[in-house]
Visitor: 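Okay, here's the structure, questions in a sec.
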Amino acid sequence: HSPLLLEGADHVFYERFVGHVSRLTDKLTLALSGAVEGVARLQVLIAVTLAAISLDKQERRLRRFEMALSDELDHQILPDGGHLTRNPRLLIELLLDLLPLRETFAARGMEPPRGVIMAIERMMPHLRLFRHGDGSLALFNGMGTTPPDLMATLAAYDDARARPIEHAAYSGYSRLTGGRAIVVVDAGAAPRGAHSIEAHAGCLAFEFSSGPDRIIVNCGASRYGSAELRLAARSTAAHSTVELDERSSADFGLVLGERRIVAGPGDVRVARQEATDGQEWVASHDGYKRSLGAVHTRRLLLARDGASLDGEDEFTLSTARETLPALARFHLHPAIRASLTSDGTGALLTLASGEVWSFAAGDLPVAIEESIFLAAADSRRRSEQLVVAFDAVATPQIAWRFARVEGLFSAHPLVPEPAGTPTPDA
């Protein structure tokens with residue numbers, strides 16, 4: 001960007017500009033020897049490496065920074081392309097820094113560090129794992145509104161354009177596809193320490209979309225709301241999974257002024273296979289084992305043609321209890337209009353495109369309750385959620401199903417709410 005800033009400038013201004021950049025580089029270099037950790041450390045290393053390329057007589061520094069940056073990328077970027085925080089938003093931010101760095105090396109006729117090239121090649125397909133049919137990314141562990149302009153920029157740099165990976169074993173995410181339908185599931189252990197300051201208690205939560213319509217979502221994250229709202233959005237209740245005894249599957253504690261996960265799912269087991277009917281997925285987590293003596297297992301089957309999603313939630317109890325209240329939550333995208341069936345054991349969902357889907361959980365009653373969607377482009381919005389209440393002791397296993405209603409199409413597709421629609425604070 002210096003030609004734009006320095007065009008027509010006199011020599012005095014040029015010297016002041018370069019001197020300022022040099023002083024900032026020295027300040028950041030000094031910070032690296034301190035307590036800079038996590039994503040901030042990667043950002044600092046990218047900045048000083050970029051400065052060392054651009055400034056004269058920085059060859060020795062550049063070699064040192066290249067090695068440090070490659071080592072840090074190997075540490076923070078997992079083999080499947082995810083970040084230690086498990087936050088998809090950070091992949092966008094890091095790629096928007098790493099891609100210009102790679103291009104700057106090339107513009108100066110220099111070979112980019114292998115660690116930078118390999119990290120970009122891993123991160124790009126991992127980011128595509130979260131992508132729904134409308135281009136938005138699934139809302140897990142700190143992801144909020146998907147910035148379409150930034151995603152378009154990344155797409156322009158995406159040389160591979162291959163299919164998204166379907167199972168990120170190291171990061172703990174899975175993707176199921178069938179017909180026009182997409183399911184993205186969180187099946188990973190909670191990150192620890194400083195990497196958990198934005199992590200959510202949403203293990204085994206999923207998102208579900210059909211074509212351009214997002215149906216089941218999580219509440220998402222707001223970086224600008226109140227502290228209470230941000231913490232509530234990280235709770236299990238803000239995710240499309242099962243909540244036991246009105247508790248989250250992870251515990252949040254105040255550490256060094258930050259709300260970190262201090263206990264949560266550690267043993268998460270996942271298996272998937274191509275079944276005759278479609279893609280089958282099963283996983284379990286022990287996030288409730290320490291507090292309630294329960295292990296949660298969730299099974300999903302997405303039909304090959306994408307016309308149905310069958311689910312099953314099961315709880316294995318290791319301690320004797322008389323009762324254990326459970327709530328299976330399915331948060332709906334704000335564009336979905338929901339109505340209960342006459343017997344109260346099911347619901348009909350009208351999508352923005354006019355497509356109609358049904359939901360049922362056997363003979364269990366279904367309720368429609370208020371929710372909030374924090375990832376709207378204009379502001380947070382009121383939304384709704386389907387809630388199935390049951391006793392995990394008396395009924396340790398429930399089955400539920402979403403199915404497209406063939407031949408039924410709404411003649412009045414929904415119009416999105418106008419910007420500024422009043423929304424609750426929590």
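All heavy atoms count here, side chains included; hydrogens, waters and symmetry mates do not. None of the values given here were measured: they were computed from a predicted structure.
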Visitor: With side chains defined as the heavy atoms from C-beta onward, is the minimum distance between Phe105 and Glu111 less than 4.5 Å?
Guide: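 When only atoms from C-beta onward are counted, Glu111 and Phe105 do not touch, as no gap falls below 4.5 Å.
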Visitor: Check for me whether the distance between the ring centres of Phe206 and Trp281 falls short of 6.0 Å.
Guide: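 For Phe206 and Trp281, the ring centres are not under 6.0 Å apart.
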Visitor: Any salt bridge linking Glu166 with Arg272? Criterion: basic side-chain nitrogen under 4.0 Å from a carboxylate oxygen.
Guide: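 Yes, this pair counts.
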Visitor: Is it the case that Thr345 and Asp363 place a side-chain donor and acceptor less than 3.5 Å from each other?
Guide: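 No, because no side-chain N or O of Thr345 sits under 3.5 Å from a partner of the opposite role on Asp363.
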Visitor: Do Asp286 and Pro265 touch side chain to side chain, with heavy atoms closer than 4.5 Å?
Guide: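 A side-chain contact under 4.5 Å exists here.
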Visitor: Is the distance between the ring centroids of Phe402 and Phe330 under 6.0 Å?
Guide: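 Yes - the distance between ring centres of Phe402 and Phe330 falls below the 6.0 Å cut-off.
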Visitor: For residues Leu348 and Ser358, report the shortest heavy-atom separation together with the two atoms involved.
Guide: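 For Leu348 versus Ser358, the nearest heavy atoms are CD2-CB, 3.9 Å.
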Visitor: Just checking, any donor-acceptor pair under 3.5 angstrom between side chains of Ser174 and His167?
Guide: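 There is such a pair (donor and acceptor under 3.5 Å, judged by atom type) between the side chains of Ser174 and His167.
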Visitor: Is the distance from the ring center of His239 to that of His331 below 6.0 Å?
Guide: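 No; His331 has its ring centre 6.0 Å or more from that of His239.
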Visitor: Can you tell me how far apart CD1 (Ile53) and CG (Leu101) are? Round to the nearest 0.5 Å.
Guide: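 Separation between the atoms: 5.0 Å.
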Visitor: Decide yes or no for Val270 and Val282: does some side-chain heavy atom of the first lie under 4.5 Å from some side-chain heavy atom of the second?
Guide: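 A side-chain contact under 4.5 Å is absent here.
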Visitor: Would you give me the side-chain donor-acceptor pairs under 3.5 Å for residues 29-39, sequence neighbours excluded?
Guide:
{"residue": "Thr29", "atom": "OG1", "partner": "Thr25", "partner atom": "O", "Å": "2.7"}
{"residue": "Ser33", "atom": "OG", "partner": "Leu30", "partner atom": "O", "Å": "2.6"}

Visitor: Mark yes or no for whether Ser248, through its side chain, and Asp251, through its backbone, hold a donor-acceptor pair below 3.5 Å.
Guide: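 Absent.
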Visitor: Just verifying a value: how many Å separate Thr49 OG1 and Leu28 CG, rounded to the nearest 0.5 Å?
Guide: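 Here the rounded value is 10.5 Å.
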Visitor: Could you grab the distance from atom CG of Leu332 to atom OG of Ser371, nearest 0.5 Å is fine?
Guide: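 Atom-to-atom, Leu332:CG and Ser371:OG are 8.0 Å apart.
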Visitor: Sorted by first residue and then second, give each ring pair (Phe, Tyr, Trp, His ring centres under 6.0 Å) pair with at least one member in residues 292-319; sequence neighbours left out.
Guide: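 Qualifying pairs, neighbours excluded: His285-His296, His296-Phe315.
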Visitor: Say you draw a straight line from CG of Leu150 to CG of Leu95; how long is it, rounded to the nearest 0.5 Å?
Guide: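 The distance works out to 11.0 Å.
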Visitor: Taking all atoms of both residues into account, what is the closest heavy-atom pair of Ala294 and Leu244, and its distance?
Guide: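 Taking Ala294 first and Leu244 second, the nearest heavy atoms are CB-CD1, 3.8 Å.
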Visitor: Side chains of Leu317 and Val295: does their closest heavy-atom pair fall under 4.5 Å?
Guide: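 Of all side-chain heavy-atom pairs linking Val295 with Leu317, none is under 4.5 Å.
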Visitor: Are Asp305 and Arg180 close enough, and set up right, to give a salt bridge (charged side-chain N to carboxylate O under 4.0 Å, His left out), and what steps lead you there?
Guide: CA-CA 7 Å; Asp305 61 359; Arg180 298 173 355 119; over 6 Å; no
Visitor: Can you give the donor-acceptor pairs under 3.5 Å from side chains of residues 117-127 to other protein atoms, not counting sequence neighbours?
Guide:
{"residue": "Arg122", "atom": "NE", "partner": "Leu78", "partner atom": "O", "Å": "3.2"}
{"residue": "Arg122", "atom": "NH2", "partner": "Ile77", "partner atom": "O", "Å": "3.2"}
{"residue": "His126", "atom": "ND1", "partner": "Asp80", "partner atom": "O", "Å": "3.2"}

Visitor: Taking Val356's backbone N and O only, do any of them form a donor-acceptor pair with Thr350's side chain (distance below 3.5 Å, no angle check)?
Guide: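 No, the answer is negative, given that no donor and acceptor are paired below the 3.5 Å cut-off.
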Visitor: Leu386 versus Arg329: any side-chain heavy-atom pair under 4.5 Å?
Guide: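 Leu386 does not reach Arg329 side chain to side chain.
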Visitor: Examine distances only and state if a side-chain atom of Ser383 and a backbone atom of His333 form a donor-acceptor pair shorter than 3.5 Å.
Guide: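 Side chain of Ser383 to backbone of His333: no pair is present.
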Visitor: I'd like to know whether Glu228 forms a salt bridge (charged side-chain N to carboxylate O under 4.0 Å, His left out) with Arg230, so could you lay out the CA-CA distance, the side-chain angles of the two residues, the decisive distance to 0.1 Å, and finally the verdict.
Guide: CA-CA 6 Å; Glu228 293 79 9; Arg230 293 198 303 271; over 6 Å; no
Visitor: Can you see which heavy atom on Arg304 is nearest to which on Ala275, and at what distance?
Guide: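 Shortest heavy-atom separation between Arg304 and Ala275 comes out as NH2-O, 2.6 Å.
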Visitor: Between Thr236 (side chain only) and Gly202 (backbone N and O only), is there a donor and an acceptor less than 3.5 Å apart?
Guide: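 A pair under 3.5 Å: no.
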Visitor: Give every donor-acceptor pair under 3.5 Å between a side-chain atom in residues 67-75 and any protein atom, sequence neighbours left out.
Guide:
{"residue": "Ser70", "atom": "OG", "partner": "Glu66", "partner atom": "O", "Å": "3.1"}
{"residue": "Glu72", "atom": "OE2", "partner": "Gln76", "partner atom": "NE2", "Å": "2.7"}

Visitor: Would you check if Ser136 and Arg131 make a side-chain contact, meaning some heavy-atom pair closer than 4.5 Å?
Guide: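 Sidechains of Arg131 and Ser136: no contact.
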Visitor: Do Thr297 and Leu204 pass the side-chain contact (heavy atoms from CB on, under 4.5 Å) test, and can you show the C-alpha distance, the side-chain angles, and the key distance before you say yes or no?
Guide: CA-CA 8 Å; Thr297 300; Leu204 303 195; over 6 Å; no
Visitor: Please enumerate all residues that pass ring-ring contact (aromatic ring centres under 6.0 Å, His included) together with Phe140, with sequence neighbours excluded.
Guide: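 Here the qualifying residues are Tyr173.
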Visitor: Hey, does Leu45 have a side-chain heavy atom less than 4.5 Å from the side chain of Arg41?
Guide: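 Contact flag for Arg41/Leu45 side chains = yes.
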Visitor: Give me the atom names and distance for the closest heavy-atom approach of Leu129 to Ile165.
Guide: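 Looks like CD1-O, 3.5 Å.
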Visitor: Give a yes or no on whether the backbone of Pro113 and the side-chain of Arg102 come within a donor-acceptor separation of less than 3.5 Å.
Guide: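 Between the backbone of Pro113 and the side chain of Arg102 there is no qualifying donor-acceptor contact (under 3.5 Å).
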Visitor: Applying salt bridge (charged side-chain N to carboxylate O under 4.0 Å, His left out), run through Arg247 and Glu243 and close with a yes or a no.
Guide: CA-CA 6 Å; Arg247 305 187 193 188; Glu243 175 194 32; over 6 Å; no
Visitor: Do Thr85 and Glu198 have side-chain N/O donor and acceptor atoms under 3.5 Å apart?
Guide: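 Checked: Thr85/Glu198 side chains show no N/O donor-acceptor pair below 3.5 Å.
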Visitor: Scan side-chain atoms only and decide if Trp400 and Asp313 contain a donor-acceptor pair under the 3.5 Å cut-off.
Guide: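 Indeed, the side chains of Trp400 and Asp313 share at least one donor-acceptor pair under 3.5 Å.
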Visitor: Measure the CG-OG distance between Leu91 and Ser171 for me, rounded to the nearest 0.5 Å.
Guide: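 Between atom CG of Leu91 and atom OG of Ser171 there are 8.0 Å.
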Visitor: Rounded at 0.5 Å granularity, tell me how far CG in Leu309 sits from CD in Gln279.
Guide: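 Going from the CG atom of Leu309 to the CD atom of Gln279 covers 11.5 Å.
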Visitor: List the atom pairs, with distances to 0.1 Å, where a side-chain N or O of residues 182-189 and a protein N or O form a donor-acceptor pair under 3.5 Å, not counting sequence neighbours.
Guide:
{"residue": "Asp186", "atom": "OD1", "partner": "Arg86", "partner atom": "NH1", "Å": "3.4"}
{"residue": "Asp186", "atom": "OD1", "partner": "Arg86", "partner atom": "NH2", "Å": "2.6"}
{"residue": "Asp186", "atom": "OD1", "partner": "Gly188", "partner atom": "N", "Å": "3.2"}
{"residue": "Asp186", "atom": "OD2", "partner": "Asn141", "partner atom": "ND2", "Å": "3.4"}

Visitor: Is it the case that atom CD in Glu246 sees more than 12 heavy atoms from other parts of the structure closer than 6.0 Å?
Guide: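 At most 12 heavy atoms, drawn from other residues, nucleotides or ligands, come within 6.0 Å of this atom.
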Visitor: Are the side chain of Arg89 and the backbone of Gly142 linked by a donor-acceptor contact shorter than 3.5 Å?
Guide: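 Indeed, once roles are kept as given, a pair shorter than 3.5 Å links the two residues.
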Visitor: Would you indicate whether Arg269, at its atom CZ, is surrounded by more than 12 heavy atoms from other residues, nucleotides or ligands within a distance under 6.0 Å?
Guide: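 No, CZ of Arg269 has 12 or fewer neighbouring heavy atoms, counting only those of other groups under 6.0 Å.
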Visitor: Show the nearest heavy-atom pair for residues Ala199 and Ile261, with the distance to one decimal.
Guide: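 Scanning both residues completely, I find the closest heavy atoms to be CB-CD1, 3.7 Å.
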Visitor: Evaluate the criterion side-chain contact (heavy atoms from CB on, under 4.5 Å) for residue pair Glu280 and Glu274; output intermediate values, then yes/no.
Guide: CA-CA 6 Å; Glu280 189 174 2; Glu274 290 287 339; over 6 Å; no
Visitor: Does the distance from a Lys or Arg side-chain N to an Asp or Glu carboxylate O, for Arg214 and Glu207, drop under 4.0 Å?
Guide: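 So Arg214 pairs with Glu207 through a salt bridge.
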Visitor: So, Arg260 side chain and Ile197 main chain: donor-acceptor pair closer than 3.5 Å or not?
Guide: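 No, Arg260 side chain to Ile197 backbone: no donor-acceptor pair under 3.5 Å.
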Visitor: Side chain of Asn218, backbone of Gly220: donor and acceptor closer than 3.5 Å?
Guide: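 No.
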Visitor: Should the pair Glu370-Arg382 be classified as a salt bridge under the 4.0 Å nitrogen-to-oxygen rule?
Guide: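 Here Glu370 pairs with Arg382 in a salt bridge, since their nearest N and O are under 4.0 Å apart.
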Visitor: So which atom in Cys203 and which in Ser249 form the shortest heavy-atom distance, rounded to 0.1 Å?
Guide: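 It is N-OG, 4.4 Å.
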Visitor: Report yes if the side chains of Leu349 and Glu355 come closer than 4.5 Å at any heavy-atom pair, otherwise no.
Guide: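 Side-chain contact under 4.5 Å: no.
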Visitor: Is there a donor-acceptor pair under 3.5 Å between the side chain of Arg321 and the backbone N or O of Ala392?
Guide: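 Not at all, since once roles are kept as given, no pair shorter than 3.5 Å links the two residues.
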